[in-house]
Amino acid sequence: MSHIKIAPSLLAADFGNLQRDVEMVNQSEADWHHIDIMDGVFVPNISYGMPVVKTIQRHATKPLDVHLMIVDPDRYIKTFADLGASVLSVHYEACNHLHRTLQAIKAEGMKAGVAINPHTNISLLEDTIKDIDLVCLMSVNPGFGGQSFIVNTYEKIRSLKALINGKSAKTLIEIDGGVTSKNAKALVDAGADVLVAGSFVFKSDNPTQTIHELKELVY
Ligand code: DX5
Ligand code: ZN
């Protein structure tokens, strides 16, 4: 059994059939539900807010992996803990006091994640990596689903893996954006532990089967 996790991004779900799509993920071989929160300020798009997350939480049977693409995420740490998040990722670029933010997330009983934009260098995580449970490496510019994968990500995975091993940290590497069956295996070979996939899963004819195929590729 592989330890690689697949986290379908509900951003690409059919919101008119949200319960059905959450239940599809429940019944599939996926590991987490990836939940994208956008505020229209940190990123040029607005996704969905607390009432929708509450609905997802009511139907979901797998851990909620929440990705905050918002300014001043400290304001909402407790809110997302109450909404049932297992992993809460904040953006490096949105935090003035990242170390404090990470401690606050853990104090609420969640795993602490840090997402980094394509332009943000891995070396900036050197002094916090031991406090980070998951790094969400953005392989597209955050804000929209369905964009194409940025190839420089492979190099960043390798640098991040070297940093994690060098510091004897236990941080998971998550890849978010443009993940498909074409790059999944190469991403895992480079060192990825969690693959987020939105459009590739939900826009396919048979999402359950697509998740199965992704899982098989990374075994
Ligand atoms: C992008 C989001 C992603 C997005 C991925 O800002 O963080 O999680 O939903 O979607 P795809 O897989 O379609 O690139
Ligand atoms: Zn995301």
Side-chain angles (χ1 to χ4, degrees), residues 4-15 18 21-22 24-25 28 30-49 52-53 56 60 62-71 73 76 80 83 85-94 110-120 132-153 156-157 172-188 192-205 207 210-211 213-215 217-218:
I4 305 300
K5 295 182 186 346
I6 303 291
S9 167
L10 289 163
L11 189 64
D14 173 359
F15 294 132
L18 189 55
D21 283 2
V22 171
M24 181 283 293
V25 176
S28 75
D31 298 274
W32 292 349
H33 303 269
H34 186 80
I35 297 179
D36 288 304
I37 306 297
M38 304 176 183
D39 66 354
V41 180
F42 181 72
V43 287
N45 195 15
I46 297 176
S47 55
Y48 48 78
V52 175
V53 178
I56 295 169
K62 295 178 177 174
L64 304 186
D65 171 37
V66 178
H67 175 195
L68 297 182
M69 285 160 273
I70 66 174
V71 296
Y76 296 104
F80 283 97
L83 284 165
S86 293
V87 182
L88 189 65
S89 295
V90 295
H91 262 268
Y92 175 86
E93 303 83 6
M110 298 176 287
K111 298 274 184 214
V114 176
I116 65 170
N117 281 338
H119 74 271
T120 301
I132 303 175
D133 295 308
L134 173 145
V135 172
C136 176
L137 269 188
M138 293 309 301
S139 38
V140 297
N141 285 295
F144 302 92
Q147 304 181 80
S148 45
F149 178 83
I150 297 172
V151 177
N152 184 51
T153 307
K156 293 183 79 167
I157 299 175
L172 296 179
I173 302 177
E174 177 177 68
I175 308 302
D176 189 5
V179 172
T180 69
S181 57
K182 289 203 168 65
N183 53 25
K185 173 89 172 69
L187 290 167
V188 169
D193 303 293
V194 186
L195 301 179
V196 174
S199 320
F200 186 69
V201 166
F202 285 100
K203 308 295 180 211
S204 70
D205 292 340
T210 303
I211 292 168
E213 284 165 15
L214 280 174
K215 265 296 220 209
L217 274 172
V218 299

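Every number for a ligand or one of its atoms is a count from 1 in the order of the listing. Below, each value reflects all heavy atoms present in this structure, side chains not excepted, and no hydrogens, waters or symmetry copies.
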Which residue supplies the protein heavy atom nearest to [atom], what is that atom called, and how far is it?
atom                    : answer
atom 5 (C) of ligand 1  : D176 OD1, 3.6 Å
atom 14 (O) of ligand 1 : G178 N, 2.9 Å
atom 2 (C) of ligand 1  : D36 OD1, 3.5 Å
atom 1 (C) of ligand 1  : F144 O, 3.6 Å
atom 6 (O) of ligand 1  : G143 N, 2.8 Å

Separation between [atom1] of [X] and [atom2] of [Y], rounded to the nearest 0.5 Å:
X    : Y    : atom1 : atom2 : result
L68  : L88  : CG    : CG    : 4.5 Å
L134 : H67  : CG    : NE2   : 10.0 Å
L187 : D193 : CG    : CG    : 11.5 Å
L10  : M24  : CG    : CE    : 8.0 Å
I157 : I175 : CD1   : CD1   : 3.5 Å
L172 : D65  : CG    : CG    : 10.0 Å

In ligand 1, which numbered atoms sit nearer than 4.0 Å to a non-hydrogen atom of [X]?
X    : result
A197 : 12 (O)
M138 : 7 (O)
M38  : 6 (O)
G177 : 14 (O)
H34  : 8 (O)
H67  : 7 (O)
M69  : 6 (O), 7 (O)
L11  : 9 (O)

query: Please walk me through it: do T153 and M138 pass side chain to side chain contact (heavy atoms under 4.5 Å, CB included)?
result: CA-CA 8 Å; T153 307; M138 293 309 301; over 6 Å; no

Are any of the heavy atoms in [X] under 4.0 Å away from ligand 1?
X    : answer
G146 : yes
F200 : no
K203 : no

Of all heavy-atom pairs between [X] and [Y], which one has the smallest distance, and what is that distance?
X    : Y    : result
D176 : H34  : OD2-NE2, 3.2 Å
A94  : P73  : O-CD, 3.7 Å
A197 : V179 : CB-O, 4.2 Å

message: For ligand 1 and S9, I'd like to know whether there is a polar contact (N/O to N/O, distance under 3.5 Å).
response: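 N/O-N/O distance below 3.5 Å exists for this pair.
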
message: How about NZ on K111, more than 12 heavy atoms from neighbouring residues, nucleotides or ligands closer than 6.0 Å, or not?
response: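 Open.
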
query: Are any side-chain N or O atoms of D133 and backbone N or O atoms of A112, one a donor and one an acceptor, separated by less than 3.5 Å?
result: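 Yes.
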
- request: Would you tell me which option among A7, S47, G145 has the nearest heavy-atom contact to atom 10 (O) of ligand 1?
  value: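 Heavy atom nearest to atom 10 (O) of ligand 1 belongs to G145.
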
task: Between S139, S199, G198, P142, flag the one that comes closest to atom 13 (O) of ligand 1 by a heavy atom.
output: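 Ranked by closest heavy atom to atom 13 (O) of ligand 1, first place is S199.
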
query: Knowing that exactly one of V66, V87, L64 qualifies, which makes a side-chain contact (heavy atoms from CB on, under 4.5 Å) with F80?
result: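 With F80 as partner, V66, V87, L64 yield a single side-chain contact (heavy atoms from CB on, under 4.5 Å), made by V66.
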
- prompt: Using the ring of each side chain (for Trp, its six-membered ring), is F42 parallel, tilted or perpendicular to H91, with breaks at 30° and 60°?
  reply: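 Taking H91 first and then F42, their aromatic rings sit tilted (interplane angle of 30° to 60°).
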
- request: Go through the steps for K5 and E174 under the test side chain to side chain contact (heavy atoms under 4.5 Å, CB included), then give the verdict.
  value: CA-CA 9 Å; K5 295 182 186 346; E174 177 177 68; over 6 Å; no

query: Which protein N, O or S atoms lie under 2.8 Å from the Zn ion (ligand 2)?
result: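 Correct list: H34 NE2, D36 OD1, H67 ND1, D176 OD2.
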
